[in-house]
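Data first, discussion second: the structure below is written as structure tokens.
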Amino acid sequence: MLDIQLLRNDLDGVAKRLASRGYVLGTTEFTALEAERKKMQTRTQDLQAKRNASSKQIGIAKSKGEDVAAILAEVASLGDELKADEEKLALIQTQMQDLLLNLPNLPHESVPVGKSEENNVEVRRVGEPKKFDFAVKDHVDVGTPLGLDFDTGAKLAGARFTLMRGQIAKLHRALAQFMLDTQTEEHGYTECYTPYLVNAETLTGTGQLPKFEEDLFSLQHNDSKLYLIPTSEVTLTNTVRDAIVPLESLPIKLTAHTPCFRSEAGSYGKDTRGMIRQHQFDKVEMVQIVHPENSYAALEEMVGHAETILQKLGLPYRVMALCTGDMGFGAAKTYDLEVWLPAQNTYREISSVSNCEAFQARRMQARFRNEAGKPELLHTLNGSGLAVGRTLVAVLENYQNADGSVTIPEVLHPYMGGLEQLKAN
RNA sequence: GGAGAGGUGGCAGAGUGGUUGAAUGUACCUGACUCGAAAUCAGGCAUACACGCAAGUGUAUCGAGGGUUCGAAUCCCUCCCUCUCCGCCA
């Protein structure tokens with residue numbers, strides 16, 4: 001959520017910055033609503049002040065045993081008008097809140113301006129794509145003989161679900177364990193186990209609701225509606241919702257390995273083959289909750305934390321700075337990590353690391369007590385470290401051998417009980 | 001699922017429908033005393049929002065939302081959460 005003060009003071013500036021990410025701000029609508037709000041709020045508060053003053057006098061008069069009929073009559077006439085004004089004001093404030101909740105974050109000044117994916121800027125490239133002296137297969141063809149089973153996944157749940165068996169299932173688990181251990185032991189994140197189902201408030205805090213409800217899976221339980229988390233960014237970040245944390249506790253660094261559930265509405269026909277785009281996938285998430293002064297340093301640091309995983313796995317990748325038009329709703333700045341997939345002969349997103357500045361913190365009312373002892377909004381960051389399913393895809397494709405076997409990256413050996421190669425039985 | 005007890009400021013803990021944004025204690029900050037500290041004394045000490053150049057003034061908030069009333073922390077209704085006992089359960 002943007003600071004409403006900023007909209008009041010510099011509406012055109014805000015509109016301009018939002019336009020850079022392809023969002024058209026209804027400035028006329030805002031101006032009209034804001035004028036109405038101001039009028040109604042002032043009027044309502046005046047009436048309330050009058051009522052309060054009279055009521056106080058009634059109290060005083062009664063305690064002295066005086067007659068209160070005159071004041072009573074006077075204040076009675078306020079009643080209907082006040083009630084009508086309060087209702088109207090509440091309606092306006094709801095409208096204003098809706099408007100604010102649906103505005104995306106402002107891009108940081110360092111973000112390249114652009115319309116789409118094509119305008120993203122490559123920051124660096126790490127690792128050399130391996131040369132194969134045989135025709136490379138994609139992860140579906142490599143993985144199927146080894147235990148990757150799309151047919152059974154589809155039978156059990158439908159399209160975009162996968163079943164893994166045996167060695168592949170174990171490799172998938174090994175990857176998650178390895179990532180979690182690296183983030184906790186080497187990078188100082190606290191491991192968390194979080195709910196997979198959350199309420200609407202939580203999702204509003206991180207920005208998935210109200211605007212992106214269609215991207216979520218939900219279920220009705222008695223009178224309450226719960227949603228499956230699309231990422232543990234949601235649960236980890238919301239740990240500080242409605243909280244004022246002490247300065248000394250910063251930065252808060254959290255990580256979790258959870259499944260993520262996404263409806264993938266609007267991506268029909270995209271990445272239908274294989275397990276690139278699934279309704280359910282595992283991810284090790286990193287979240288940092290920091291002092292506003294440190295959030296951009298933390299962003300760079302977190303990109304490094306995600307890169308570490310790719311480097312240890314020996315997977316070639318590149319770092320992309322997303323342009324204004326390609327960034328997510330809540331992000332002020334985002335880096336994507338893209339891993340090399342030989343079968344697609346291209347780099348594909350495997351991690352996304354974003355600084356949301358105070359955008360989520362303002363929605364969540366997540367604050368810290370600053371040096372002066374006053375509550376101030378935190379900055380929140382999140383990033384994948386990494387998406388486990390896509391990492392599995394990358395390992396299968398990059399480490400495939402001519403005979404159909406797959407070499408297991410060395411760092412995973414301890415997690416695989418010493419196994420060094422996946423082979424079909 | 002059944003029965004009961006609760007939810008008030010950083011913490012503890014009062015609060016007969018009326019000068020209660022809230023006693024008191026404690027923590028914290030400032031000042032006085034002191035060479036300094038402790039003790040003591042005095043003052044300060046919630047959040048959000050609105051109006052205002054400012055000083056300031058006003059509004060809202062006692063788990064959440066409704067209601068009754070001129071006036072609600074206090075009365076009524078609904079919901080949420082916590083705790084205790086019983087039942088069921090991985």
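Proteins come first, then strands; the chains are lettered A, B, ... in the order of their sequence lines, and each starts at number 1.
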(Q) With a 3.5 Å limit on both atom pairs, tell me what G21(B) is paired to, counting Watson-Crick and G-U wobble, or say none. (A) none
**Q.** Sidechain-backbone polar pair: Asn105(A) side chain, Cys356(A) backbone, donor-acceptor under 3.5 Å
**A.** yes
(Q) Strictly distance-based, threshold 3.5 Å: is any side-chain N or O of Asn102(A) a donor or acceptor partner for the main-chain N or O of Asp98(A)? (A) yes
Q. What nucleotide among C51(B), U19(B), U59(B) has an atom nearest to a side-chain atom of Thr42(A)?
A. C51(B)
Q) Which one of His139(A), Lys137(A), Arg348(A) satisfies the side-chain hydrogen bond (donor to acceptor under 3.5 Å, both in side chains) criterion with Glu397(A)? A) His139(A)
Q) Within this structure, what is the CZ-to-C1' distance between Arg369(A) and C29(B), rounded to whole angstrom? A) 13 Å
Q.
Any donor-acceptor pair under 3.5 Å linking the side-chain atoms of Ser55(A) with those of Asn52(A)?
A. no
**Q.** Integer angstrom distance from the C1' of U19(B) to that of G36(B)
**A.** 46 Å
Q.
Side chain of Ala49(A), heavy atoms from C-beta onward: which of U47(B), C70(B), U59(B) has the nearest atom to it?
A. U59(B)
Q. If we take the P atom in both G43(B) and G7(B), what is their distance in whole Å?
A. 31 Å
Q. Across all strands, who's sitting opposite C35(B) as a Watson-Crick or G-U wobble pair, both distances under 3.5 Å?
A. none
Q | Selection from U59(B), C70(B), A48(B) that lies nearest to any side-chain heavy atom of Arg367(A) | A | A48(B)
Q | C1'-based separation of C45(B) from C29(B) [nearest Å] | A | 7 Å
Q. How do Thr44(A) and Gln93(A) order along RNA chain B: which one's closest nucleotide is nearer the 5' end?
A. Gln93(A)
Q: Figure out the CG/P separation between Asn199(A) and G63(B), and round it to whole Å.
A: 20 Å
Q) Is there a donor-acceptor pair under 3.5 Å between the side chain of His108(A) and the backbone N or O of Ser110(A)? A) yes
Q. Who is the Watson-Crick or G-U wobble partner of U16(B), with both distances under 3.5 Å?
A. none
Q) Counting side-chain heavy atoms from CB outward, which of G52(B), C70(B), C49(B) is closest to Lys38(A)? A) G52(B)
Q. Between Glu34(A) and Leu72(A), who's closer to the 5' end of RNA chain B by nearest nucleotide?
A. Glu34(A)
Q) Which value, in whole Å, describes the distance between the C1' atoms of nucleotides A14(B) and U20(B)? A) 12 Å
Q: Measure from CD1 on Ile60(A) to C1' on U19(B) and round the result to the nearest Å.
A: 5 Å
Q | Separation of A60(B) P from Glu86(A) CD (nearest whole Å) | A | 8 Å
Q | Distance between P atoms of U57(B) and U69(B) (Å, rounded) | A | 33 Å
Q | Parallel, tilted or perpendicular: ring planes of Phe178(A) versus Tyr415(A), cut at 30 and 60 degrees | A | perpendicular
(Q) Tell me whether the side-chain N/O atoms of Arg37(A) come closer than 4.0 Å to OP1 or OP2 in C51(B). (A) yes
**Q.** Watson-Crick or G-U wobble partner of G1(B), both distances under 3.5 Å
**A.** C86(B)
Q. Taking the P atom of each, how far is G6(B) from A38(B), in whole Å?
A. 42 Å
**Q.** Atom-to-atom span, CE of Met40(A) to P of C51(B) - whole angstrom
**A.** 14 Å
Q) Is G10(B) paired to anything, Watson-Crick or G-U wobble with both distances less than 3.5 Å, and if yes, which nucleotide? A) U26(B)
Q. Now, which nucleotide makes the Watson-Crick or G-U wobble pair with G56(B), with each of the two distances under 3.5 Å?
A. C51(B)
Check nucleotides 71-76 of chain B for protein N or O atoms closer than 3.5 Å to its own N or O atoms and list the pairs.
| unit_1 | atom_1 | unit_2 | atom_2 | d |
| --- | --- | --- | --- | --- |
| G71(B) | O4' | Ser55(A) | OG | 3.1 |

Q) Using atom C1' of each nucleotide, how far apart are C75(B) and U59(B) to the nearest Å? A) 25 Å
Q) Using purine N1 to pyrimidine N3 plus N6-O4 or O6-N4 for Watson-Crick, or N1-O2 and O6-N3 for G-U wobble, each under 3.5 Å, what pairs with U78(B)? A) A64(B)
Q | Donor + acceptor pair across side chains of Asp282(A), His257(A) (<3.5 Å) | A | yes
Q | Integer-rounded Å distance: A60(B) P and Gln45(A) CD | A | 8 Å
Q. Taking CG from Asp46(A) and C1' from U59(B), how many angstroms apart are they, rounded to a whole number?
A. 10 Å
Q) If you look at every strand shown and take non-hydrogen atoms under 4.0 Å, does Gln5(A) touch a base, only sugar-phosphate, or nothing? A) sugar-phosphate
Q | Whether Phe161(A) and His279(A) hold their rings parallel, tilted or perpendicular, with breakpoints at 30° and 60° | A | tilted
Q.
Could you tell me how far apart Glu87(A) (CD) and G66(B) (C1') are, to the nearest whole angstrom?
A. 12 Å
Q: Rounded to the nearest 0.5 Å, what's the gap from CG on Leu378(A) to OG1 on Thr237(A)? Could you check?
A: 11.0 Å
Q. According to the salt bridge (charged side-chain N to carboxylate O under 4.0 Å, His left out) rule, which pairs have a member within residues 175-192 of chain A, sequence neighbours left out?
A. Glu186(A)-Lys312(A)
(Q) Please report the distance separating the C1' of C28(B) from the corresponding atom of C49(B), rounded so that it comes out in whole Å. (A) 27 Å
